[in-house]
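All remarks here apply to the structure that follows.
Atoms within each ligand, like the ligands themselves, are counted from 1 in listed order. The figures that follow rest on heavy atoms only: side chains count, while hydrogens, waters and symmetry mates do not. Here the structure is a predicted model, which means the values were calculated and not measured.
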Amino acid sequence: MSRITELYGELVFNDRVMQERLPKATYKVLAQTINEGKPLDIEIADAVAHAMKEWAIEKGATHYTHWFQPLTGITSEKHDAFINPQPDGSTLLSFSGKELIQGEPDASSFPSGGLRATFEARGYTAWDPTSYAFIKDEVLCIPTAFISYTGEALDKKTPLLRSMDAIAREAKRVLKFFGKSPVQVSTTVGPEQEYFLIKEEDYEQRLDLILTGRTLFGAAPCKGQELEEHYFGAIRPNVNRFMQELDDELWKLDIPANTKHNEVAPSQHELAPIFLTTNAAVDANLLTMELMRKLAPHQGLVCLQHEKPFEGINGSGKHNNWSISADGANLLDPGKTPFENLQFLVFLTAVIKAVDEYQGLLRMSVASAGNDHRLGANEAPPAIISIFLGDELEAVVRAIINSKAHKASGDVMMDLGVPVLPTFIKDNTDRNRTSPFAFTGNKFEFRMAGSEVNLSDANMVLNTIVAKALADFADYVESQEDFEKAARDYLKQVLTDHQRIIFNGDNYNEDWPKEAQKRGLLNLKTTPQALPQYVADTSVELFERFKVLSKVEVESRYEVKLEHYSKKVNIEALTTSRLARRQYLPAIIEFATVIASSIAAKEDVGLTALTAEKEILARLNDCIEAIYAGAGALDAALEEVAKIEDSLANAEAYCEKVLPKMEAVRAAVDEAELLVGDDYWPVPTYNQMLFYT
Ligand code: ADP
Ligand code: MG
């Protein structure tokens with residue numbers, strides 16, 4: 001066996017290990033739970049727990065943990081040892097079925113958005129058997145859902161699983177009309193993760209990066225990304241070593257890390273795995289991010305996952321490639337003749353309808369303080385949701401709307417004009433890099449998500465809104481006699497009603513927001529503008545109808561997101577003010593004093609041509625005044641905002657009152673940076689951080 005095949009999945013209690021280690025009957029029942037969602041009883045759980053423990057101990061594990069995703073979106077774990085001390089002073093190593101399927105962490109220190117008062121601290125974790133257990137740092141990690149004593153979801157995973165169930169149910173209803181009864185329908189996700197790597201020694205000197213994940217100060221570097229030399233460029237040796245170690249560790253965890261390359265911005269990179277079932281893909285992405293952070297220091301590097309670590313330089317996103325499949329067959333595969341492929345058209349139309357009807361909800365699902373810096377900044381799609389279909393499918397949609405026939409363009413051979421090069425079939429559509437929601441051959445790529453986000457929310461929304469659109473279709477055709485005619489009529493009507501969401505043009509073009517406004521599309525530029533979409537009546541109705549979230553759960557999540565936004569900006573503001581006063585002002589004043597002394601000394605000896613020094617000093621002095629006044633104004637704004645109790649008004653105030661004050665302080669510091677001597681500047685600059693060797 002090769003090194004890779006040998007290590008692949010080595011740390012995962014996956015299907016292969018289960019087949020090897022579980023009694024046949026136990027395996028069969030567990031497989032039914034995993035594949036068909038059948039409930040699991042305690043005897044089976046006991047047998048699985050025993051096998052899992054034996055396996056984990058052989059692999060060096062000493063502890064187990066229920067690994068879950070509270071509403072902060074990051075992962076949480078509490079380690080319990082397998083030990084079970086005996087009266088004679090020895091210990092058994094034990095792990096029961098009950099311990100496998102259920103945990104009881106104190107829930108009071110996790111955000112709940114008012115769902116749970118601190119005195120009602122009880123929370124439960126429940127095993128998600130559809131995402132395999134794995135070993136990380138000598139700990140057996142069991143992916144779990146996290147719920148409150150009263151049964152409300154306190155995590156990101158539970159509603160995601162519920163949404164997967166909802167879309168599977170509705171897709172099965174639709175597939176029945178096509179004479180199909182698949183066992184398993186699931187959505188699939190392949191997330192492309194972008195990130196930056198900078199030197200550890202630089203990172204350690206930047207409190208803004210340490211506390212907030214982004215630089216709150218820093219003048220633009222002399223060189224940006226204009227030479228377009230970094231994208232797909234040769235990878236630095238230390239970065240390459242990092243990527244190799246990361247691949248190995250991910251492969252051991254059954255995570256199919258596949259593509260890696262340098263990204264557009266200097267020191268920016270990307271990793272894309274092969275897609276998985278949605279909940280497993282989200283778990284895998286979270287583990288990937290954790291491993292990236294953990295392994296970078298092995299090469300003296302730090303991995304930055306914030307959406308916008310450097311102003312003026314491209315930020316990082318996480319493209320969410322999404323599709324739906326039935327027993328492994330991709331339902332968004334158009335085949336060679338999409339116009340004739342009614343089943344494909346039904347699913348395609350469901351996505352178009354869903355995205356148009358619930359644009360706001362989709363936008364909300366990726367709203368965060370970090371992502372606000374990215375969307376609409378000419379490097380990522382604007383905050384307007386639209387769909388790119390490509391020429392071929394757009395023509396199909398037009399034909400349906402206009403009741404015309406459509407002939408597939410067929411295969412076009414690519415002629416490279418060089419005989420030695422192979423000829424190949426051209427894709428029937430070019431790419432559109434600027435669309436927030438692009439059809440890419442046999443899947444949709446939702447490109448608005450930021451690099452730091454937990455993709456559960458985006459996929460929970462996508463699954464639920466498409467479930468609703470599929471249900472609408474099924475409801476309609478159910479009452480009609482002739483299925484095929486009814487389906488064609490339905491498609492024509494729905495595509496006509498929702499064609500405004502289709503946009504194949506350049507989303508970065510300044511005319512697009514105006515055109516989008518004419519079409520009545522939403523343009524929710526900031527997080528406080530986007531979040532109320534969560535609690536809109538139509539959203540609550542949707543989530544309740546498909547049993548993904550109750551009204552109370554929606555409201556609590558909305559509350560948590562608002563608070564999270566405000567807290568993030570508050571930390572940034574405090575860091576801005578603190579650094580301005582304690583790091584930048586002293587450095588600038590010191591340098592100004594050196595110049596002032598030089599002027600005085602020169603005047604002492606009768607030199608009078610001191611224009612340059614006097615001008616520099618005057619400009620520095622202006623900066624010093626502006627920084628000091630700006631920090632004062634920022635502090636005052638923070639005090640004002642702290643008095644606002646309503647969480648939406650509070651978040652809005654952080655956005656509208658605090659962020660501009662932070663910008664003003666930064667502008668003055670960045671101006672001074674260009675005047676102050678290199679040796680006097682207290683932190684590594686953009687030039688240093690982004691262009692290291
Ligand atoms: P592109 O180059 O168009 O972005 P890739 O083939 O590189 O496409 O795929 C990008 C990501 O999309 C990968 O993670 C890939 O596994 C994922 N992907 C491919 N097919 C599907 C699918 N059916 N469902 C979800 N993700 C998919
Ligand atoms: Mg892609």
Side-chain angles (χ1 to χ4, degrees), residues 8 130-131 160 163-164 167-168 171 182 184-195 231-232 243 246-247 250-251 253-264 269-289 292 316-335 338 341 343-344 347-348 350-351 354-355 380-381 387-393 424-449 451 453 455-456 458-463 466 504:
Y8 201 88
T130 61
S131 184
L160 178 67
S163 74
M164 290 169 68
I167 193 170
Q184 193 185 20
V185 173
S186 54
T187 52
T188 46
V189 165
E192 303 167 46
Q193 179 72 46
E194 292 180 344
Y195 59 96
Y231 190 59
F232 285 14
M243 288 176 166
L246 180 62
D247 279 342
L250 290 172
W251 290 337
L253 289 168
D254 245 353
I255 297 174
N258 188 35
T259 310
K260 51 187 181 182
H261 60 81
N262 283 351
E263 255 303 326
V264 170
H269 315 279
E270 177 182 303
L271 176 123
I274 294 168
F275 68 94
L276 298 169
T277 303
T278 304
N279 60 325
V282 171
D283 287 352
N285 177 249
L286 292 167
L287 272 173
T288 302
M289 290 171 72
M292 283 176 168
S316 299
K318 178 150 54 195
H319 294 175
N320 188 77
N321 292 274
W322 180 94
S323 192
I324 172 166
S325 65
D327 289 344
N330 187 349
L331 298 171
L332 287 176
D333 187 347
N341 189 343
Q343 183 189 301
F344 163 73
F347 280 89
L348 177 77
V351 177
V355 171
I387 297 180
F388 168 82
L389 287 180
D391 296 339
E392 171 91 10
L393 281 189
F424 51 84
I425 299 169
K426 210 163 118 166
D427 285 319
N428 60 8
T429 183
D430 198 3
R431 284 164 180 268
N432 178 326
R433 306 280 312 173
T434 68
S435 173
F437 203 91
F439 187 75
T440 46
N442 58 4
K443 62 185 190 289
F444 277 99
E445 188 170 339
F446 182 33
R447 302 209 182 103
M448 247 186 201
S451 50
V453 78
L455 286 174
S456 296
N459 288 296
M460 181 261 296
V461 167
L462 256 173
N463 293 344
V466 178
N504 277 351

Look only at the side chain of Asn442 and the backbone of Pro334, and say whether a donor-acceptor pair between them is shorter than 3.5 Å. no
Which ligand 1 atoms does Glu192 reach within 4.0 Å, using its non-hydrogen atoms? 4 (O), 10 (C)
Kindly confirm or rule out an N or O of Ala272 lying under 3.5 angstrom from an N or O of ligand 1. no
Please compare Val189, Asn321, Leu331 and report which has the shortest non-hydrogen distance to atom 17 (C) of ligand 1. Asn321
Considering only heavy atoms of Glu445, which atoms of ligand 1 have at least one such atom less than 4.0 Å away? 4 (O)
Over 60° means perpendicular and under 30° means parallel, so classify the ring planes of Phe437 and Phe446, tilted if in between. tilted
Using atom types as modelled and distance alone, determine if a side-chain donor or acceptor of Glu194 lies under 3.5 Å from a backbone N or O of Gly317. yes
Of Asn320, Thr187, Thr278, which is the lone residue that meets side chain to side chain donor-acceptor pair (under 3.5 Å) with Asn459? Asn320
Quick check against the 3.5 Å criterion: does Asp327 have a side-chain atom that pairs as donor or acceptor with the backbone of Gln184? yes
Quick one: which ligand 1 atoms are inside 4.0 Å of a heavy atom on Asn330? 23 (N)
Per-residue contact class, His319 against ligand 1 - non-hydrogen pairs under 4.0 Å: neither
Do any N/O atoms on Pro273 end up under 3.5 angstrom from N/O atoms on ligand 1? yes
If I compare all heavy atoms of Ile387 with all of Ser435, which pair ends up nearest, and what's the gap? C-OG, 4.2 Å
Give the atom numbers and elements of ligand 1 that come within less than 4.0 Å of a heavy atom of Ile274. 16 (O)
Go through ligand 1 atom by atom and flag the ones less than 4.0 Å from a non-hydrogen atom of Thr188. 22 (C), 23 (N), 24 (N), 25 (C)
Leu276 and its side-chain contact (heavy atoms from CB on, under 4.5 Å) partner, picked from Ser186, Ser131, Pro256: Pro256
